[in-house]
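Below: one structure in structure tokens.
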Amino acid sequence: MSAAETQAVRTAIVATLNSVADIGVVHAYPRYASNSADMKAFYVSPAHQQLRGWHIERQSVREEGALQERTVENARWLITGLLALSDGGESFLQFDDLIEAVRDAFRFETFDNTVALTDGQNAAYIQGEAMDQVMFGGVLCHRARLVLPVNTLQEVQ
């Protein structure tokens, strides 16, 4: 996949995340800072006045076989979401609902028929790899790590 094609998939994933109501801040890549306050600022949603943010990264990529002058490229995109924990505000339940809304947004998504979200003969929808709690930017947060398989056909040169 060319750099332009990879960027197109990245942009489509960000757009799909941004289509989810109350998603918060979405970054096209992991953000980093040298101190907790700056790190936290990247993920605070002005609309929600709380740490509520997401970022994506391509976790792995492999290319397989020649199918009539084409190969299949399999990429795994990691989507990480964070939400400030508030026990009294039932943030656990809110975050669980948000994860399901993200999963719904990606169900059957083909990014305008440019990619196939399949793994062999079986559909490989977005999967929840891990959900836990972490300290992030000095804030106790819920964290979800979702994996999205994206397969594309590549023309053999």
Side-chain angles (χ1 to χ4, degrees), residues 1-34 36 38-48 50-67 69-84 94-132 134 136-137 139 141-157:
M1 182 179 292
S2 71
E5 290 169 323
T6 300
Q7 185 57 38
V9 170
R10 182 183 303 278
T11 299
I13 293 171
V14 169
T16 302
L17 285 169
N18 277 321
S19 75
V20 175
D22 292 320
I23 193 73
V25 178
V26 177
H27 296 288
Y29 59 93
R31 302 300 305 267
Y32 298 100
S34 60
S36 291
D38 289 344
M39 189 72 169
K40 176 183 168 185
F42 284 135
Y43 290 86
V44 169
S45 167
H48 299 92
Q50 72 177 156
L51 196 148
R52 180 187 287 245
W54 298 76
H55 69 259
I56 68 169
E57 57 191 293
R58 191 167 59 161
Q59 189 175 46
S60 67
V61 62
R62 71 179 194 274
E63 200 165 357
E64 299 176 341
L67 301 171
E69 301 180 7
R70 290 190 239 174
T71 61
V72 177
E73 183 176 282
N74 308 107
R76 273 176 53 106
W77 289 83
L78 179 63
I79 301 170
T80 302
L82 297 153
L83 176 68
Q94 291 173 18
F95 196 54
D96 210 30
D97 289 346
L98 194 54
I99 291 167
E100 290 308 309
V102 167
R103 293 183 66 231
D104 288 345
F106 281 96
R107 191 166 284 119
F108 306 117
E109 179 60 68
T110 63
F111 307 131
D112 296 323
N113 295 315
T114 58
V115 301
L117 302 182
T118 62
D119 183 10
Q121 298 299 317
N122 300 316
Y125 304 108
I126 194 168
Q127 303 295 327
E129 189 166 273
M131 287 87 153
D132 55 11
V134 296
F136 185 88
V139 178
C141 293
H142 303 284
R143 177 179 64 181
R145 294 170 53 91
L146 310 175
V147 173
L148 178 68
V150 174
N151 301 330
T152 56
L153 289 175
Q154 301 297 307
E155 298 296 326
V156 175
Q157 301 295 330

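Worth saying up front: this structure is predicted, and the values here are computed from it rather than measured. All values below were derived from every heavy atom in this structure, side-chain atoms included, with hydrogens, water molecules and symmetry-related copies excluded.
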For the residue pair A105 and T16, what are the closest heavy atoms and their distance?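 Here A105 and T16 meet closest at O-CG2, 3.6 Å.
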Classify the angle between the aromatic ring planes of Y43 and H55 as parallel (below 30°), tilted (30 to 60°) or perpendicular (above 60°).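 Rings of Y43 and H55: perpendicular, as their planes differ by over 60°.
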Sole candidate of Q59, E57, R58 that passes side chain to side chain contact (heavy atoms under 4.5 Å, CB included) when paired with R76: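 Result: among Q59, E57, R58, Q59 is the only option passing the side chain to side chain contact (heavy atoms under 4.5 Å, CB included) with R76.
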Point-to-point distance, once rounded to the nearest 0.5 Å, from CE of M39 to CG of L51: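 Separation between the atoms: 9.5 Å.
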Looking only at non-hydrogen atoms, find the nearest pair between V139 and A84 and report the distance.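 Looking at all heavy atoms of both residues, the closest pair is CG1-CB, 3.9 Å.
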Flag side-chain contact, heavy atom, 4.5 Å: V25 against V44: no
Is there a side-chain contact between H142 and D96 in this structure, where contact means two heavy atoms from C-beta onward sitting under 4.5 Å apart?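 No, their side chains stay 4.5 Å or more apart.
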Verify, without hydrogens or angle tests, whether W77 (side chain) and I56 (backbone) share a donor-acceptor contact under 3.5 angstrom.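 Side chain of W77 to backbone of I56, a donor-acceptor pair under 3.5 Å: no, none is there.
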Do W54 and V102 come within less than 4.5 Å of each other through their side chains, counting heavy atoms only?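 Touching, per the 4.5 Å side-chain cut-off.
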Determine whether D132 and R145 make a side-chain contact, defined as any pair of heavy atoms from C-beta on separated by less than 4.5 Å.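 No. Closest side-chain heavy atoms not under 4.5 Å.
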For Q94, give me all partners under side-chain hydrogen bond (donor to acceptor under 3.5 Å, both in side chains), at least two apart in sequence or on another chain. none
Give the minimum heavy-atom separation between L146 and G128, together with the two atoms involved. CD2-CA, 3.6 Å
For D38, enumerate each residue passing the side-chain hydrogen bond (donor to acceptor under 3.5 Å, both in side chains) test, keeping only those at least two apart in sequence or located in another chain. N35
Look up atom CG in D97 and atom CG in D104, then write down how far apart they are to the nearest 0.5 Å.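 One finds 10.5 Å between CG of D97 and CG of D104.
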Does some side-chain heavy atom of S60 sit less than 4.5 Å from a side-chain heavy atom of N74? no
Nearest-0.5 Å distance, CD1 of residue I79 to CD of residue E129: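 The CD1 atom of I79 sits 11.5 Å away from the CD atom of E129.
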Less than 4.5 Å apart, any side-chain heavy atom of F136 and any of R143? no
Ignoring hydrogens and geometry, is there a side-chain-to-backbone donor-acceptor pair from R10 to Y29 under 3.5 Å? no
If the test is side chain to side chain contact (heavy atoms under 4.5 Å, CB included), which one of I126, L148, V20 qualifies with R103?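 Among I126, L148, V20, the one meeting side chain to side chain contact (heavy atoms under 4.5 Å, CB included) with R103 is I126.
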